[in-house]
Amino acid sequence: MRRPVLLVIAHGSRDPRHAATVHALVRRVRSLRPGLRVETGFLDFNVPSVSGVLRSLAAEGVRDVVAQPLLLTRAFHAKADIPAVLRDAPARLRIRQAEVLGPSPLLLAALERRLHEAGLTPADKSSTGVVLASAGSSDPEAIAVIADIAREWWRTGWRAVRPAFASASLPRTEDAVRELRALGCERVAVAPYVLAPGFLPDRIARGAAGADVLAGVLGPAPEVARVLLERYDAARRPALEALGA
C-alpha cells in the first residue's frame with residue numbers, strides 16, 4: 001500500500017516568523033521519515049492554501065491524504081474550520097484527519113528542552129515555578145486540557161506549574177507569574193505552549209516580563225516532529241488493518 005501524503009495544516013499568520021517556523025518543522029519531519037511526502041497548507045494569510053494543495057494533489061493523481069492539524073488542542077479550528085475545508089476537497093481524494101498534537105509526553109519533553117535552552121538546569125526544577133502559557137481558547141475542552149497538562153507537568157518535580165492564556169481565558173501570563181512569586185518560588189519561568197511565533201506568543205512574552213526565564217516557542221523541536229509522525233501513523237492505521245497489513 002502506497003503511503004498517504006501527509007498534509008500539515010497550519011493556521012497561518014501575517015507574521016513571517018510563523019510560516020518560517022512551520023516550514024522548519026516540516027523539514028525536520030521529512031528528515032525523520034525519508035521517503036514520506038509531506039506537504040504544507042495554511043488556513044489563512046499564507047500560501048499555499050489547504051484547498052489549493054488538495055486540488056494540486058488530486059490533479060497529480062494522489063488518492064490518499066492524512067491531514068494533520070498543526071494544533072496543540074482540539075478547539076474550533078480542529079472541530080470546525082479544518083473539517084469544513086476537507087469536506088470541500090476533490091471527491092477523488094480519500095482524506096483522514098489526524099488528531100491534534102496535544103496532549104503528549106513528548107510535548108512535555110519539548111517544553112523542558114526549551115526551558116533548559118533558556119538557562120534552567122535539572123537541579124533548578126524543585127525550586128522553580130513554571131507558567132504554562134498557551135494561546136487561549138473559548139472552548140471549555142481546550143481549557144480543561146491545558147489545566148490537565150499543567151497538573152501532569154507539576155507531578156514531574158516542578159515547585160509549581162500554573163496555566164495561563166494569551167486570549168479568551170484567564171489568567172494571563174503576568175497574573176500567573178505574580179501568583180508563583182507570591183507562592184515563594186525561588187525562580188519563575190514561562191514556557192510558551194505554542195508552536196510558532198506570532199501575535200499571541202508576543203503577548204505571552206510581554207506578560208513574562210516579571211519572570212526570570214522565558215523559553216522559546218516549541219517550533220521545530222524534534223519531539224514535536226515525532227508527535228506529528230505518531231499522529232500520522234495512528235490516522236493511517238485503520239486503513240492498514242483493513243488490508244491486513
Side-chain angles (χ1 to χ4, degrees), residues 10-11 17-18 21-22 24-25 28-29 32 69-75 99-137 142-167 169 171-177 179-180 183 185-198 200-231:
H11 182 272
R17 296 174 298 168
H18 175 88
T21 302
V22 170
L25 175 59
R28 187 176 288 276
V29 171
L32 291 176
L70 201 58
L71 300 168
L72 294 171
T73 58
R74 191 172 178 274
E99 292 295 329
V100 297
L101 301 181
S104 167
L106 284 170
L107 294 178
L108 288 182
L111 287 167
E112 298 219 2
R113 171 190 291 274
R114 294 301 187 227
L115 285 171
H116 294 158
E117 290 170 351
L120 288 183
T121 69
D124 297 324
K125 197 165 186 175
S126 62
S127 58
T128 301
V130 179
V131 179
L132 179 67
S134 75
S137 173
I143 297 304
V145 166
I146 298 299
D148 288 343
I149 293 170
R151 283 191 292 270
E152 180 181 350
W153 203 16
W154 166 68
R155 293 190 184 103
T156 68
W158 295 102
R159 170 72 173 80
V161 179
R162 296 290 186 271
F165 307 94
S167 68
S169 307
R172 295 286 183 258
T173 302
E174 53 268 34
D175 300 325
V177 169
E179 180 185 350
L180 291 171
L183 189 62
C185 295
E186 186 174 317
R187 67 188 61 75
V188 175
V190 174
Y193 190 59
V194 294
L195 288 165
L200 293 178
D202 284 349
R203 181 179 288 177
I204 290 171
R206 290 193 296 272
D212 301 295
V213 174
L214 171 63
V217 300
L218 295 173
E223 296 88 354
V224 178
R226 287 168 57 196
V227 174
L228 202 153
L229 287 170
E230 284 184 356
R231 299 293 185 256

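One is the number of the first residue; the rest follow in order along the sequence. Heavy atoms only: backbone and side chains are in, while hydrogens, waters and symmetry mates are out. As the structure is a computational prediction, the values presented were derived from the model and not from experiment.
Residues Val100 and Leu72 have side chains not in contact (no heavy-atom distance under 4.5 Å, counting atoms from C-beta outward). Arg74 places none of its side-chain heavy atoms less than 4.5 Å from the side chain of Val145. At least one side-chain heavy atom of Pro122 sits under 4.5 Å from a side-chain heavy atom of His116. Using a 4.5 Å heavy-atom cutoff, the side chains of Arg162 and Asp175 are not in contact. When side chains are defined from C-beta on, Val217 does not count as touching Leu195, because their heavy atoms never get closer than 4.5 Å. In this structure the side chain of Leu214 reaches within 4.5 angstrom of the side chain of Pro192, judged on heavy atoms. Pro220 is listed as a side-chain neighbour of Thr21, based on a closest heavy-atom distance under 4.5 Å. Side-chain atoms of Pro171 and Glu179, non-hydrogen and from C-beta on, never get closer than 4.5 Å to each other.
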Quiz item: Can you list the steps and then say if Glu230 with Arg226 is a side chain to side chain contact (heavy atoms under 4.5 Å, CB included)?
Solution: CA-CA 6 Å; Glu230 284 184 356; Arg226 287 168 57 196; 5.5 Å; no
Self-check item: side chain to side chain contact (heavy atoms under 4.5 Å, CB included) between Arg28 and Leu228, intermediate numbers included
Solution: CA-CA 10 Å; Arg28 187 176 288 276; Leu228 202 153; over 6 Å; no
Self-check item: Test side chain to side chain contact (heavy atoms under 4.5 Å, CB included) applied to Leu25 and Leu70, step by step
Solution: CA-CA 10 Å; Leu25 175 59; Leu70 201 58; 3.6 Å; yes
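For CZ of Arg159, the number of neighbouring non-hydrogen atoms (other residues, nucleotides, ligands) closer than 6.0 Å is greater than 12. In Glu99, the CD atom is not crowded: 12 or fewer heavy atoms of neighbouring residues, nucleotides or ligands sit closer than 6.0 Å.
Between Ala211 and Val188, the shortest heavy-atom contact is CB-O, 3.6 Å. For Pro69 against Leu101, the heavy-atom pair with the smallest separation is O-CG, 4.2 Å. Taking both residues in full, the closest heavy atoms of Ala215 and Leu115 are given as CB-CD2, 3.8 Å, listed atom of the first, atom of the second, then distance. Listed here is the closest heavy atom pair of Thr173 and Ala133: OG1-CB, 3.8 Å. In this structure, Ile204 and Ser134 approach most closely via the heavy-atom pair CD1-O, 3.9 Å. The minimum heavy-atom distance linking Leu108 with Ile149 is given by the pair CD2-CG2, 3.7 Å.
Here Trp158 contributes atom CH2 and Leu120 contributes atom CG; the two are 5.0 Å apart, rounded to the nearest 0.5 Å. In this structure, the separation between CG on Leu132 and CH2 on Trp153 is 6.0 Å, given to the nearest 0.5 Å. The distance from the CG atom of Asp124 to the CZ atom of Arg187 is 4.0 Å, given to the nearest 0.5 Å. Atoms CG and CZ, from Leu111 and Arg113 in turn, are 11.5 Å apart once rounded to the nearest 0.5 Å. Here the CD1-CG distance, from Ile143 to Asp148, works out to 11.5 Å after rounding to the nearest 0.5 Å. Going from atom CG of Leu107 over to atom OH of Tyr193 covers 4.5 Å, rounded to the nearest 0.5 Å.
A side-chain donor-acceptor contact under 3.5 Å links Ser169 to the backbone of Ser137. Between the Ser104 side chain and the Leu106 main chain, a donor and an acceptor come within less than 3.5 Å of each other. Without hydrogens or angle criteria, Asp212 side chain to Ala189 main chain gives no donor-acceptor distance under 3.5 Å.
Between Arg114 and Glu117 there is a salt bridge, since a side-chain N of the basic residue sits under 4.0 Å from a carboxylate O of the acidic one.
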